Student: 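Here it is: the structure, laid out below.
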Amino acid sequence: MSKIENLSDMLQDARKKGYAVGSFSARYTKLIMPIIKAAMAANSPAIVQLSEKEVIRHKVGVKEFADEFYRVVEELNPQVPLALHLDHTKTLDVIKEAIEAGFTSVMIDASEKEFEDNVAITKEVVGIAHPKNVTVEAELGKIGTTDFVETDTDEEMYTIPEEAAEFCKETHVDALAVSVGTAHGVYTVRQPKVDYERLEKINKLTDTPLVLHGGSGVPSKMVVSAVQIPTGGVSKVNIATDLELAMLAVVGREGHMTEEELNSCSDELIEKSRNAVQALVEDKIKHYLMSENQAI
């Protein structure tokens with residue numbers, strides 16, 4: 001029987017053992033399969049995710065995405081831990097739709113709100129999700145962006161360790177996305193950096209697993225260092241843009257495509273793009289996340 005989980009056991013194991021679980025944005029239903037195949041090949045846990053903005057931008061339905069995830073799981077019968085996660089989402093109705101569709105984890109992003117409002121909104125989502133055995137990720141601080149797929153602004157505000165501890169205690173979230181120097185999208189002008197000291201301080205103050213958003217384009221050694229902080233580092237790393245770029249390179253397109261546009265490509269082209277994405281995910285698992293052979 002396939003191991004479909006929420007984030008609880010998956011991330012606590014990662015935190016204990018010094019590796020991270022990759023949260024891979026498929027963005028298209030056709031790219032769910034190569035992510036799961038890569039996890040199987042590397043004997044690694046993995047998270048397949050979709051964000052609210054990707055739903056809008058790529059014109060892919062939440063239920064349609066979940067249905068394909070479970071169809072692939074049934075076809076491949078993977079014996080590695082997998083989670084289906086709704087990434088950056090601000091709308092309660094979308095979160096409820098995802099829970100109804102079978103997502104095992106959701107992210108409420110109220111990071112642009114004042115601290116007290118972020119706490120209140122996050123607590124509301126936790127109240128909806130936890131009774132259904134669905135885990136909740138939240139964000140504290142503001143993570144910058146380079147491509148505006150995930151967020152509306154490139155404003156950054158680093159997470160304050162003491163606030164992170166209070167936030168986790170008040171909300172009972174299962175994972176916390178922190179702002180420590182990375183950004184969503186592909187780095188062009190600015191260079192990625194990671195404030196390891198800040199990560200260490202946050203980890204000392206809370207047992208909640210930490211999430212690094214903006215994993216695409218960050219040098220491997222930076223991510224490995226963030227994951228392997230002895231007192232507990234990052235337990236989940238989001239990787240999105242790199243996957244889409246691997247697919248687009250094969251298809252010969254720039255920018256982005258809609259779900260319908262990718263589905264209209266030839267079977268041969270779709271298969272080639274899937275192979276490229278699988279190879280990329282396997283590489284990230286082995287050299288970035290250190291999660292190879294960590295399936296339990």
Side-chain angles (χ1 to χ4, degrees), residues 5-7 10-11 20-29 31-32 35-36 45-66 68-69 82-112 118 121-122 125-126 128-129 134-153 173-179 182-186 209-218 234-244 256 259 277 281 284 289:
E5 302 182 355
N6 58 32
L7 299 186
M10 200 181 264
L11 297 192
V21 182
S23 200
F24 300 99
S25 282
R27 292 186 174 170
Y28 308 87
T29 56
L31 299 188
I32 293 171
I35 295 170
I36 294 175
I47 300 159
V48 177
Q49 69 176 27
L50 177 74
S51 75
E52 183 178 13
K53 281 209 158 199
E54 288 165 353
V55 168
I56 297 162
R57 186 182 190 184
H58 301 284
K59 295 182 170 56
V60 56
V62 169
K63 185 175 187 311
E64 176 190 359
F65 192 87
E68 177 62 7
F69 172 83
L82 296 171
L84 179 59
H85 178 68
L86 181 71
D87 193 34
H88 285 278
T89 299
K90 299 178 186 295
T91 313
L92 277 180
D93 282 348
V94 177
I95 286 171
K96 289 173 183 173
E97 183 187 358
I99 293 171
E100 187 68 30
F103 278 69
T104 60
S105 181
V106 295
M107 179 188 182
I108 175 64
D109 181 3
S111 58
E112 80 282 2
N118 191 350
I121 293 164
T122 302
V125 173
V126 168
I128 294 165
V134 172
T135 44
V136 179
E137 178 181 332
E139 182 174 316
L140 189 63
K142 292 190 179 78
I143 298 166
T145 190
T146 62
D147 67 2
F148 301 97
V149 178
E150 303 294 350
T151 49
D152 299 313
T153 172
V173 287
D174 306 285
L176 184 69
V178 291
S179 177
T182 55
H184 299 114
V186 174
L210 303 184
V211 182
L212 190 71
H213 283 233
S216 291
V218 180
V234 167
S235 304
K236 173 177 176 276
V237 177
N238 283 26
I239 301 166
T241 309
D242 279 351
L243 273 68
E244 186 169 25
H256 70 277
E259 168 80 359
V277 168
V281 173
K284 296 291 185 190
L289 307 161

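Every value quoted in this text rests on a predicted model; they were computed, and no experiment measured them. Values reported hereafter were calculated over all heavy atoms of this structure, with side chains retained and with hydrogens, waters and symmetry mates removed.
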Student: Rounded to the nearest 0.5 Å, how far apart are OG1 of T135 and CZ of F103?
Tutor: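 It is 12.5 Å, given to the nearest 0.5 Å.
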
Student: Tell me, do T241 and R27 make a side-chain contact under 4.5 Å, heavy atoms counted?
Tutor: yes

Student: Should F69 and I36 count as side-chain neighbours, where that means a heavy-atom distance under 4.5 Å?
Tutor: yes

Student: Checking side chain to side chain contact (heavy atoms under 4.5 Å, CB included) for the pair M10/K236: CA distance, chi angles, key distance, verdict?
Tutor: CA-CA 9 Å; M10 200 181 264; K236 173 177 176 276; over 6 Å; no

Student: Is there a side-chain contact between V55 and V94 in this structure, where contact means two heavy atoms from C-beta onward sitting under 4.5 Å apart?
Tutor: no

Student: Quick one, K53 and H88 - any side-chain contact, counting heavy atoms below 4.5 Å?
Tutor: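 No; the side chains remain at least 4.5 Å from each other.
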
Student: Take V211 and L176, measure what side chain to side chain contact (heavy atoms under 4.5 Å, CB included) needs, and give me the verdict at the end.
Tutor: CA-CA 6 Å; V211 182; L176 184 69; over 6 Å; no

Student: Passes side chain to side chain donor-acceptor pair (under 3.5 Å), S105 versus H85? Steps please.
Tutor: CA-CA 5 Å; S105 181; H85 178 68; 2.9 Å; yes

Student: Using the side chain to side chain donor-acceptor pair (under 3.5 Å) rule, take T91 and E52 through it: C-alpha gap first, then chi angles, then the decisive distance, then the call.
Tutor: CA-CA 8 Å; T91 313; E52 183 178 13; 2.4 Å; yes

Student: Report the C-alpha distance between Y28 and H58 in whole Å, list the side-chain angles of each, state the deciding distance to 0.1 Å, and finish with yes or no for ring-ring contact (aromatic ring centres under 6.0 Å, His included).
Tutor: CA-CA 7 Å; Y28 308 87; H58 301 284; 4.9 Å; yes

Student: Begin from the C-alpha positions of V106 and V125 and carry the test side chain to side chain contact (heavy atoms under 4.5 Å, CB included) through to its verdict.
Tutor: CA-CA 9 Å; V106 295; V125 173; 4.1 Å; yes

Student: Given I108, which of N118, L86, T122 fulfils the side-chain contact (heavy atoms from CB on, under 4.5 Å) condition?
Tutor: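 So the option named by the test is T122.
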
Student: Distance from L84 atom CG to Q49 atom CD, nearest 0.5 Å?
Tutor: 10.0 Å

Student: When rounded to the nearest 0.5 angstrom, what is the spacing between CD in E244 and CD in E54?
Tutor: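 One finds 8.0 Å between CD of E244 and CD of E54.
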
Student: Tell me, with the steps shown, if N238 and D87 meet side chain to side chain donor-acceptor pair (under 3.5 Å).
Tutor: CA-CA 9 Å; N238 283 26; D87 193 34; 3.2 Å; yes

Student: Could you walk me through whether H213 and E139 pass side chain to side chain donor-acceptor pair (under 3.5 Å), step by step?
Tutor: CA-CA 10 Å; H213 283 233; E139 182 174 316; 4.7 Å; no

Student: Would you sort out whether L243 and F24 count as a side chain to side chain contact (heavy atoms under 4.5 Å, CB included), showing the intermediate values?
Tutor: CA-CA 8 Å; L243 273 68; F24 300 99; 3.9 Å; yes

Student: What distance separates E68 CD from L31 CG, expressed to the nearest 0.5 Å?
Tutor: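 These two atoms lie 10.5 Å from each other.
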
Student: At their closest point, which heavy atom of A66 faces which heavy atom of A101, and how far apart are they?
Tutor: CB-O, 3.4 Å

Student: Are any of the side-chain heavy atoms of E5 and L82 separated by less than 4.5 Å?
Tutor: no

Student: Working to the nearest 0.5 angstrom, can you tell me the gap between I47 CD1 and L7 CG?
Tutor: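 Those atoms lie 5.0 Å apart.
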
Student: Rounded to the nearest 0.5 Å, what separation is found between the OG atom of S179 and the CG atom of L212?
Tutor: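 It is 9.5 Å, given to the nearest 0.5 Å.
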
Student: For the backbone of T29 and the side chain of E259, can you confirm whether one donor and one acceptor N or O come within less than 3.5 Å of each other?
Tutor: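 The answer is yes, because a donor-acceptor pair under 3.5 Å joins these two groups.
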
Student: Check V173 against A138 and note the closest heavy-atom contact, atom names and distance.
Tutor: CG1-CB, 3.8 Å

Student: Are any of the side-chain nitrogens in E100 or K63 under 4.0 Å away from the carboxylate oxygens of its partner?
Tutor: no

Student: Do T89 and M107 have side chains that get closer than 4.5 Å, going by heavy atoms?
Tutor: no

